[in-house]
Amino acid sequence: MRHDVVVIGAGVQGCAVALRLAQAGKDVLVLERSIPGAEASSAAGGILSPGVEAVEPGPFDDLCRASLARYPALARELEAATDLHVGFRGGGTLEVALDDQHAQILAARAERLEKNGIAVEILDGAATAALEPGLSPDLRGALFFPGESSIDPRPFSRALYQAAHGAGARFQTGQVHRIVHEGGRAVAVEHETGRLGADAIVLAAGAWSALVEGSGLPRGAVRPVRGQIALLDTRPRLLSRVVFSDKGYVVPRADGRVLCGSTMEEVGFEKAVTAGGLCAVLELAIEIAPRLANAPIIETWSNFRPASPDGWPVLGPSTVPGLFYATGHTRNGILLTPITADAVAAAVLRKPPPVDLSPFSVERLEARRAR
Ligand SMILES: Cc1cc2nc3c(=O)[nH]c(=O)nc-3n(C[C@H](O)[C@H](O)[C@H](O)COP(=O)(O)OP(=O)(O)OC[C@H]3O[C@@H](n4cnc5c(N)ncnc54)[C@H](O)[C@@H]3O)c2cc1C
């Protein structure tokens, strides 16, 4: 059986690319070994914050901003297509300082960000407390990124799957063992159910992408980095917006739940919530907002970021005709979903991509390995 496009993996990347390709009239088959969206995509905090991630201006920062700009329209599109509420919330992001030294570092960073045209405000302790009264009175100040947002990754993942399905993409359960190359092209995948031919194959298998035989990814191009999360319940609601410190973050949901995250652990594919991991995320949450100490723990979990060596995603054509990547999104995969969908779909359709994809090519990782 031959398809226009086979997508490997039904996390947010696989579903979003499938949605755009199905909307373009392609016959799309998505192969998922488990439940769509059940891995990293449902485990994420859902922070949509280019400002906190911004180290310096450049292609990655531009990519994050282009993706954030697409979010309001994507959230509306998904809610209209599925009747699900994806929890897209504005209100901005706070990056708080717990001591004077950190406050000075943040102020210097704000100056650099402002020079690069990024909307950011410096708040002192009183202004921070006025904006978020549930935060610690000991905070020395904060950077406020007013244009930033968050989304609830579980309904978001589910909505992407339903929208892709509704647009005509088909989903099949089972593991892809191998991408088949013939005559210098990727022509098919070997799936649990047999060989499935395709004109184009999109590898979107998250942290497991490099384990698919024939992926063409250089060694170490995508590796798992475990993150642990604790979900707390606050009633009445304690916080309104995402708050970062230099050790982690808290993400409030509209209903009062507060997600506390997250660790960055190099432990391979060992999916576990550990005493040390929980202790770390809860300690930082309570440091930021002391009243969280009284909040019941509703749930804990861990999952794997698909981490690339430089933290940038691997997007677009591979070095093998017929094979495309939508992987390696590291800690910003939810933020980067809308632009990934549009850019990778454009590459498959041989249309001009909405952003220059060369900084995110697999070749940059090969060049990095050679150095
Ligand atoms: C704890 C944590 C917190 C995070 N917080 C944020 C955040 O706040 N903001 C943000 O932007 N990002 C965040 N991220 C990162 C984000 O979750 C990921 O970058 C993103 O979800 C990756 O999406 P994906 O579709 O590539 O991967 P996944 O969601 O992992 O999907 C990959 C899919 O491929 C399937 N698969 C794998 N191998 C095969 C195979 N051989 N055959 C068939 N199917 C296969 C898997 O079963 C899986 O469903 C966080 C991640 C973690 C772990």
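Computed from a predicted structure; not experimentally measured. Just so it is clear, the values below take in all heavy atoms, side chains as well, and ignore hydrogens, waters and symmetry mates. For ligands, and for the atoms within them, numbers begin at 1 and follow the listed sequence.
Residues Glu213 and His177 bring no donor and acceptor atom of their side chains to less than 3.5 Å of each other. Between the side chains of Arg223 and Thr330, no donor-acceptor pair of N or O atoms lies under 3.5 Å. Judged purely by distance below 3.5 Å, without hydrogens or angles, the side chains of Ser41 and Ser157 never pair a donor atom with an acceptor atom. Side-chain contact, Glu190 with Gln175: no donor N or O sits under 3.5 Å from an acceptor N or O. There is no side-chain donor-acceptor pair under 3.5 Å between Gln228 and Ser302. A side-chain donor-acceptor contact under 3.5 Å links Glu148 and Thr93.
When heavy-atom distances to ligand 1 are checked against a 4.0 Å cut-off, Ile229 comes that close only through its side chain, counted from C-beta outward. Under 4.0 angstrom from ligand 1, the non-hydrogen atoms of Ala204 all belong to its backbone. Only backbone heavy atoms of Thr330 (N, CA, C or O) come within less than 4.0 Å of ligand 1; its side chain stays farther off. Residue contacts with ligand 1 for Arg331 involve N, CA, C or O but no side-chain atom from C-beta outward (heavy atoms, distance under 4.0 Å).
Proximity to Gly206 (heavy-atom distance under 4.0 Å) selects the following atoms of ligand 1: 26 (O), 27 (O), 32 (C). Counting atoms of ligand 1 from 1 in the listed order, those under 4.0 Å from a heavy atom of Trp208 are 30 (O), 37 (C), 38 (N). Residue-ligand proximity, Gly227 to ligand 1, at heavy-atom distances under 4.0 Å covers atoms 1 (C). Applying the 4.0 Å criterion to heavy atoms of Leu335 picks out, from ligand 1, the atoms 10 (C), 11 (O). Of all atoms in ligand 1, numbered sequentially from 1 with element shown, those under 4.0 Å from a heavy atom of Gly46 are 7 (C), 8 (O). Remark: ligand 1 atoms within the under-4.0 Å shell around heavy atoms of Gly174 are 43 (C).
An N or O contact shorter than 3.5 Å is missing between Gln228 and ligand 1 by distance.
A salt bridge is defined here as a Lys NZ or Arg NE, NH1 or NH2 lying under 4.0 Å from an Asp or Glu carboxylate O, and Arg140 with Asp100 meets this definition.
Here Glu299 pairs with Arg154 under the salt bridge (charged side-chain N to carboxylate O under 4.0 Å, His left out) rule; sequence neighbours left out.
Scanning the protein heavy atoms around atom 35 (C) of ligand 1, the nearest turns out to be Glu32 OE1, 3.2 Å. In this structure, the protein non-hydrogen atom closest to atom 52 (C) of ligand 1 is Arg305 CG, 3.8 Å. When only non-hydrogen protein atoms are considered, atom 29 (O) of ligand 1 lies nearest to Ser41 OG, 2.5 Å.
Here Tyr161 and Phe156 keep their ring centres 6.0 angstrom or further from each other.
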